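Keep in mind the model is a prediction, meaning the values are calculated, not measured. Protein chains get the first letters and strands the later ones, always in sequence-line order, with residue 1 at the start of each. The figures that follow rest on heavy atoms only: side chains count, while hydrogens, waters and symmetry mates do not.
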Amino acid sequence: MRLYNTLTRSVEPLVLRDPGRLAMYVCGPTVQDAPHFGHARAEIVPDVLRRYLEWTGVEVFHVRNITDVDDKIIARADREGRDAAEVAERYGRLFTEQMARLGVLPPHVAPRATGHILEMIELIERLIANGAAYEAAGDVLFRVRSFDGYGKLSGRRVDELRSGARVEVDERKDDPLDFALWKAAKPGEPSWASPWGRGRPGWHIECSAMAGRYLGANFDLHGGGADLVFPHHENEIAQSEAATKEPFARHWLHNGMLTLRGEKMSKSVGNVVTLVDALDRYGADVIRFFFLAVSYRSPVDLSEERLAEAAAAIDRWQAFLRAAARLDVEPADAGPGATARQAFSAALEDDLGTPAAHAALFDLVSAGNAQLAAGDQAAAAVSRDALRELAGVLGYGLSDHSSTTDRVSPLVEALLELRDEARARKDFVTADAIRARLSAAGVVVEDSRDGARWHLS
RNA sequence: GGCCGGAUAGCCAAGUGGUAAGGCAGGGGACUGCAAAUCCCCGAUCGCGGGUUCGAUUCCCGCUCCGGCCUCCA
């Protein structure tokens, strides 16, 4: 498969360190607040990559960290008069829950920063020993100019960085570009013992430490939001490579930002839509479609209109699955299923082309509906099975079923029998009244050649 | 100011050196007691100006506009 690599700024083959196995690290959230809609994208993109590769037989080892110590978490805890760990625990749990609702496969390891303080200290000690870091009044700073490759990921040059610098002046720094690996504890803050006194880790070092711990050096793929390219990922590379003298990650994958009215969704801009609300309102499949309808690298603008379109698309797929649900026939061989599979795979092989993969699914639905219309049940069954399978590779559940469906089913069926009887004697007033009452109760009735079908709206 | 990316039909969005997938909306037709669902048909010469080429939307240069990063951020 070919993927855009931020490091080389080109689409290139994804070459695995161990053939058949992908070692992937994805930057997770800082658990300072409820996850928002943008976080969903950063999880769905690697989720699709993982599902697709697993479908092709690759074994994926997926690590996603949780940043559970940081300035904002501490600030929030102070505001609420709570412990920082409590705040982190609350939002970490919420994040995990919402990702499960979204249908994102859980990572194999979900390390927390506070659980890896020792690894970080070891890494910092190596950097100091190498001359890449220095202690200053209880802080430890990374010496940016000691690392030749600094800027290779984000395309920046150290000297240019300096001129435009909005970096705050700090006398303890030998160079304004240097960044903190370890921060001396301030009163009341969570802190850990270290060779430099009590303190807490800087943001960037945790990913270097945890990626190294679980994936080793020179692992296959590192992902995250495009807003992390600089400085976070640049700094991760610097720290890791300065310490190990080996390449950190070979392939860098960055998802584009979610915007709202053209502006990036973020807490600081103040335009966030929480994921809880979005899931309540639209459900996992619609949100997933909304994101996958666009290249993972492009920005996507959130709007009611786009979400309505996504909902219409999911409805169309589900409508076909409902129509073809009861086909109890020997699926005919290959045919349209094979064509769709080929188009689908080709799309994803080419830089995770989910829009084109969607097109393959729409073609399958169109073909399947036409097959049903033509009475070709065996072919329709093939289309149905292929749709289920391929949509599943993208992480769609497409489930029409809920416990509510099961519970109301006997009632609805009984009413539909009455309606059938009314229709048989051309009593359309009664028939339409039943349909209208069901509709008002959220049950959509659709007549077909083989009788009425229904589903919850 | 620097770096990265983008500009394709009413809207969203793929893609290709040889006249452009898919979806939504819209129009027409079919089916149907009606409705819904479904099927068939209908739409763009690809931001602007140059250049390379037999030929560019696709490559190169410039311009304009937009987004992201340069501070915490998925």
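B:C3 atom C1' lies 14 Å from atom CG of A:Asp159, rounded to whole Å. Distance, A:Asp363 CG to B:C39 P: 12 Å, rounded to whole Å. For the pair A:Leu438 CG and B:A35 C1', the interatomic distance rounds to 14 Å; values are reported in whole Å. With rounding to whole Å, A:Glu234 atom CD is found 16 Å from B:U71 atom C1'. Atoms CZ (A:Arg200) and P (B:C72) sit 13 Å apart, rounded to a whole Å. Rounding to whole angstrom units, CZ of residue A:Phe344 and C1' of B:G22 are separated by 14 Å. What separates CZ of A:Arg322 from C1' of B:A36 is a distance of 11 Å, to the nearest Å.
Here A:Ser448 lies out of heavy-atom contact (under 4.0 Å) with every strand. If you check every strand for non-hydrogen atoms under 4.0 Å, A:Ser366 touches sugar and phosphate atoms only. Across all strands shown, A:Lys267 has no heavy atoms under 4.0 Å from either base or sugar-phosphate atoms. If you check every strand for non-hydrogen atoms under 4.0 Å, A:Gly28 touches sugar and phosphate atoms only. Note on A:Ser154: only backbone sugar-phosphate atoms sit closer than 4.0 angstrom, heavy atoms only; bases stay farther off. Residue A:Tyr4 is classed as a sugar-phosphate contact, given heavy-atom separations below 4.0 Å to backbone atoms only.
Of the N and O atoms on the side chains of A:His39 and A:Glu43, not one donor lies less than 3.5 Å from an acceptor on the other residue. A:Tyr296 and A:Asp351 share a donor-acceptor pair across their side chains, judged by distance under 3.5 Å alone.
Nearer to the 5' terminus of RNA chain B, by closest-nucleotide assignment, is the contact made by A:Gly155 (compared with the other of A:Gly155 and A:Val444). Residues A:Ala431 and A:His358 both approach RNA chain B. Their nearest nucleotides, taken by heavy-atom distance, put A:His358 toward the 5′ side.
Relative to the ring axis of A:Tyr4, A:Arg297 places its NZ or CZ within 45° and under 6.0 Å from the centre. For A:Arg156 and A:Phe230, the positive end sits near the middle of the six-membered ring, less than 6.0 Å away and at most 45° from its axis.
Residue side chain A:Phe362 fails the stacking definition with respect to B:G22, as its ring centre and the base's six-membered ring centre are not both under 5.5 angstrom apart and under 30 degrees in plane angle.
Below the 3.5 angstrom threshold, one finds no donor paired with an acceptor across the side chain of A:Arg297 and the base of B:G5. A donor-acceptor contact under 3.5 Å links the side chain of A:Asp432 to the base of B:G33. Between the side chain of A:Arg435 and the base of B:C34, a donor-acceptor pair under 3.5 Å is found.
Using a 4.0 Å cut-off between charged nitrogen and carboxylate oxygen, A:Arg341 and A:Glu389 count as a salt-bridge pair. By the 4.0 Å N-to-carboxylate-O rule, A:Lys183 lies too far from A:Asp70 to be salt-bridged with it. Remark: A:Glu80 engages A:Arg76 in a salt bridge, criterion side-chain N to carboxylate O under 4.0 Å.
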B/S/- contact track for nucleotides 9-15 of chain B, protein heavy atom under 4.0 Å: --BSSS-
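Shown here is A:Lys267, whose NZ atom has more than 12 heavy atoms of other residues, nucleotides or ligands within 6.0 Å.
Partner of A:Val286 under the side-chain contact (heavy atoms from CB on, under 4.5 Å) criterion, out of A:Phe289, A:Phe290, A:Tyr282: A:Tyr282 alone. Residue A:Arg143 forms a side chain to side chain donor-acceptor pair (under 3.5 Å) with just one option from A:Asp174, A:Asp178, A:Asp175, and that option is A:Asp174.
In a base pair of the Watson-Crick type (N1 to N3 plus N6-O4 or O6-N4) or a G-U wobble (N1-O2 and O6-N3), with each distance short of 3.5 Å, B:U57 is matched with no nucleotide. The pairing partner recorded for B:C65 is B:G6, the criterion being a Watson-Crick or G-U wobble arrangement whose two distances lie under 3.5 angstrom.
Near RNA chain B, meaning a heavy atom under 4.0 Å from it, residues 86-110 of chain A has no residue at all. Residues from residues 36-50 of chain A lying near RNA chain B, meaning a heavy-atom separation below 4.0 Å, are A:His36, A:Gly38, A:His39, A:Ala42 in numerical order.
The shortest distance between side-chain heavy atoms of A:Tyr91 and A:Asp33 falls below 4.5 Å.
In this pair, A:His204 and A:Phe179 present their aromatic rings perpendicular. The plane angle is above 60°, beyond the 30 to 60° band.
Minimum heavy-atom separation, A:Ala357 to A:Ala347: N-CB, 3.5 Å.
Comparing B:C48 with B:C42, their C1' atoms are spaced 31 Å from each other, to the whole Å.
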